Amino acid sequence: MPHTTDRRRLRAARRADASGAGPTLDDRAPARYPGAKGVFALFGEVLYTGLLITIAALPVITLPAAIAAGIRHLRRYVAAEESHTRTFWQDWRQSLLPGGLVVGTATAVLAVVLIIDITVAGSGALPGGQIIALVGWAGLVIGATVLLMTASAWNPETGWRTAISTALHNARTDPIGTAYLATATILVGIVTWMLTPLILAGLGCAAFAAVAVPARQRRQA
């Protein structure tokens with residue numbers, strides 16, 4: 001029986017070592033993001049997060065709150081912290097008030113104005129329609145990128161006003177990271193245009209990009 005117990009302990013130690021959560025079997029430090037060790041499990045969690053964001057964003061003006069909750073959910077997951085579905089919904093409810101619905105309403109109004117601008121410009125009713133449409137598409141990309149960065153910076157302690165300031169600061173200090181996130185928002189639009197249900201995967205991947213890009217920046221610092 002002692003040998004059986006030792007074997008069980010060894011198998012448990014090997015699982016902890018392989019997962020990255022530690023303790024490790026040698027002198028290596030535990031992985032910084034132990035939850036990201038399993039590639040397929042991580043991919044599944046990204047898709048599941050996209051589903052949660054989509055459901056939480058159905059009222060439209062709750063989109064910023066949904067993205068913020070999704071990003072926090074994935075942060076907890078890759079850190080091997082508690083990341084149950086109920087914590088996602090707790091974050092979502094906290095991010096709605098105060099400020100979340102205001103940000104969501106402003107985002108929706110801006111998006112509608114830009115979409116109308118692009119539609120009218122494409123109809124040929126306005127002179128210089130191609131340039132106007134280009135400005136409209138650029139506005140959508142910039143707005144979506146700022147929204148993603150703002151949602152990434154949100155936390156219950158500081159709220160949305162600080163998140164907006166932090167997002168603008170990060171855009172100035174990390175233009176490469178901002179370009180990465182802009183690319184992520186463009187890809188969300190492309191995959192959704194190709195096949196609407198792919199918005200689930202697109203939103204999940206965008207949330208994961210908002211988790212990964214700041215980690216890249218810290219690693220380089």
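Computed from a prediction, not measured in an experiment: that's the story for all the values here.
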Within the structure provided, determine whether [X] and [Y] are in side-chain contact (heavy-atom separation under 4.5 Å).
| X | Y | answer |
| --- | --- | --- |
| V135 | D117 | no |
| Y77 | L42 | yes |
| W154 | R72 | yes |
| L200 | L47 | no |
| C205 | V188 | no |

Practice prompt. Report yes or no: do R75 and S152 form a side-chain donor-acceptor pair below 3.5 Å?
Written response: yes
Worksheet item: Taking atom types as modelled, is there a side-chain donor on T85 or Y48 under 3.5 Å from an acceptor on the other?
Response: yes
Flag, side chain of [X] to backbone of [Y], donor-acceptor distance under 3.5 Å:
| X | Y | result |
| --- | --- | --- |
| T192 | G189 | no |
| W160 | N155 | no |
| T62 | A56 | yes |
| S95 | W92 | yes |

Would you indicate whether [X], at its atom [atom1], is surrounded by more than 12 heavy atoms from other residues, nucleotides or ligands within a distance under 6.0 Å?
| X | atom1 | result |
| --- | --- | --- |
| Q90 | CD | yes |
| W89 | CH2 | yes |
| L168 | CG | yes |

Atom [atom1] of [X] and atom [atom2] of [Y]: how far apart are they, to the nearest 0.5 Å?
| X | Y | atom1 | atom2 | answer |
| --- | --- | --- | --- | --- |
| R161 | T150 | CZ | OG1 | 13.5 Å |
| F208 | F43 | CZ | CZ | 11.5 Å |
| L114 | I142 | CG | CD1 | 9.5 Å |
| I164 | L147 | CD1 | CG | 10.0 Å |
| I118 | I115 | CD1 | CD1 | 7.0 Å |
| L110 | L140 | CG | CG | 7.5 Å |

Identify whether [X] and [Y] are in the same connected component of the hydrophobic contact network (ILVMFWY, side-chain heavy atoms under 4.5 Å).
| X | Y | result |
| --- | --- | --- |
| W137 | I190 | no |
| L58 | V60 | no |
| M149 | V102 | no |
| I176 | L181 | yes |
| I55 | L96 | yes |

Would you name the heavy atoms of [X] and [Y] that are closest together and state the gap between them?
| X | Y | answer |
| --- | --- | --- |
| I61 | A108 | CG2-CB, 4.4 Å |
| A57 | L63 | CB-CD1, 3.6 Å |
| F88 | I53 | CZ-N, 4.0 Å |
| Q94 | P156 | OE1-CG, 3.7 Å |
| I71 | A151 | CD1-C, 4.0 Å |
| T178 | T145 | O-CG2, 3.8 Å |

Discussion item. R86 vs D91, test: salt bridge (Lys or Arg N to Asp or Glu O under 4.0 Å). Steps then yes/no.
Written reply: CA-CA 9 Å; R86 65 175 179 270; D91 280 338; over 6 Å; no
Fill in: Chi angles and distances behind the side chain to side chain contact (heavy atoms under 4.5 Å, CB included) call for L148, T185
CA-CA 8 Å; L148 186 60; T185 62; 4.1 Å; yes
